[in-house]
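We name chains A, B, ... by the order of the sequence lines, and we start the count at 1 in each one.
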Amino acid sequence: MRKGKPRRILARIVETEAYLPGDAAAHSFIGETARNRSLFLDRGHAYVYFCYGMHFMLNTSAESHGVGAGVLFRAAEPLKGAEWMGGAGSAPDKRKIASGPGRLARALHVGKRLDGVDLTGAGPLWLAAALGPTGPVGTSVRIGITKEAHRPLRFFERGNPVVSGPRRLNQ
DNA sequence: AAGAAGATTCGCT
DNA sequence: GCGAATCTTCTTA
């Protein structure tokens, strides 16, 4: 991931959640609306959602055009330019700066303007495969939802301290 | 037109 | 550990 504004910043995603077609917990479940239309774009487009009156959440669409599905980015490990990440002043701790979906969006300066942007090509935000090797991936139920709460659709890098959530889920 | 819910975080006890 | 902060979107009248 990178952003060109003040400087290029780079982070490695270490925690995600999947929201599938026909998944009652997914915003796309009710069908396409003005708010969730980005989830119905072809895979690789940003879906930015404003939640709890104070936080943005960054997702990528994950299916073919017309099918509603997405992946929520819940935590990322700062690799480069951490000092330019949003919130770096108040939370200089690399472990916390992009840990949790709200903090991740803040760190990457994600706002409504990025909603619908293609993440796979040139642009303000770029999503690509990991540069180096990845640790073992753990699985758990998703956090903070009430519907379909039992499905194991949260994925994280085991043992990575940047991963958010209660420790009992991170084993 | 009004009300409730929501993929969270932070500060205080 | 608990509750407030804060606002957009969708549902219901």
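Residue contacts shown for A/M54 include a base, since a base heavy atom lies under 4.0 Å away. Within the nucleic acid shown, A/R142 has no heavy atom closer than 4.0 Å to any nucleic acid atom. Residue contacts for A/F50: at a heavy-atom cut-off of 4.0 Å it reaches the sugar-phosphate backbone alone, with no base atom in range. Contacts of A/Y19 with the nucleic acid, taken as non-hydrogen atoms under 4.0 Å apart, include base atoms.
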Test ring-ring contact (aromatic ring centres under 6.0 Å, His included) on A/Y49 and A/H27 and set out the steps.
CA-CA 10 Å; A/Y49 158 59; A/H27 288 174; 4.3 Å; yes
Could you go step by step and tell me if A/L125 and A/V117 meet the side-chain contact (heavy atoms from CB on, under 4.5 Å) rule?
CA-CA 8 Å; A/L125 190 63; A/V117 164; 5.6 Å; no
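Under the Watson-Crick or G-U wobble criterion, with both distances below 3.5 Å, B/dC10 is paired with C/dG3. The base-pairing partner of C/dT12, taking Watson-Crick or G-U wobble contacts with both distances under 3.5 Å, is B/dA1.
Contact annotation: A/H55 side-chain N/O to C/dT6 OP1/OP2 distance is not under 4.0 Å. For B/dC10, the OP1/OP2 oxygens have a side-chain nitrogen or oxygen of A/R106 closer than 4.0 Å. The shortest distance between the side-chain N/O atoms of A/R74 and the OP1/OP2 oxygens of B/dT8 is below 4.0 Å. Residue A/T33 places none of its side-chain N or O atoms closer than 4.0 Å to OP1 or OP2 of C/dT9.
Rounded to whole Å, the distance from CZ on A/R35 to P on B/dG6 is 11 Å. At whole-Å resolution of the value, NE2 in A/H27 and C1' in C/dC10 are 12 Å apart. Summarising the geometry, the separation between CG on A/L39 and P on C/dT9 is reported as 14 Å, rounded to the nearest angstrom. Regarding A/Y49, its OH atom lies at a distance of 10 Å from the C1' atom of C/dC7, rounded to whole Å. Whole-Å rounding puts the A/Y52 OH to B/dA4 C1' distance at 13 Å. Between the CG atom of A/L20 and the C1' atom of B/dA7 there is a distance of 14 Å, rounded to whole Å. In this entry the distance linking CG of A/D115 with P of C/dT8 reads 14 Å, nearest Å. Here B/dT9 presents its C1' atom at 15 Å from CD1 of A/I97, a figure rounded to the nearest Å.
With A/E15 contributing its side chain and A/A76 its backbone, the two residues share no donor-acceptor pair below 3.5 Å.
The side chain of A/R103 sits closest to B/dC10 out of B/dC10, B/dA7, C/dC10. Candidate nucleotides C/dT9, B/dA7, B/dT9 were compared by shortest atom distance to the side chain of A/K112, and C/dT9 ranks first.
Scanning all heavy atoms of the two residues, the minimum distance from A/N36 to A/Y47 falls at CA-CE1, 3.8 Å.
At a threshold of 4.0 Å, the pair A/R37-A/E32 does not count as salt-bridged, since none of the basic side-chain nitrogens sits closer than that to a carboxylate oxygen.
Nearest-nucleotide assignment on DNA chain B puts the 5′-proximal partner with A/K147, out of A/G100 and A/K147. Along DNA chain C, the nucleotide closest to A/I30 and the one closest to A/C51 are compared, and the more 5′ of them pairs with A/C51.
Hydrophobic clustering keeps A/L20 apart from A/F40 (ILVMFWY residues linked when any side-chain heavy atoms are closer than 4.5 Å, directly or through intermediates).
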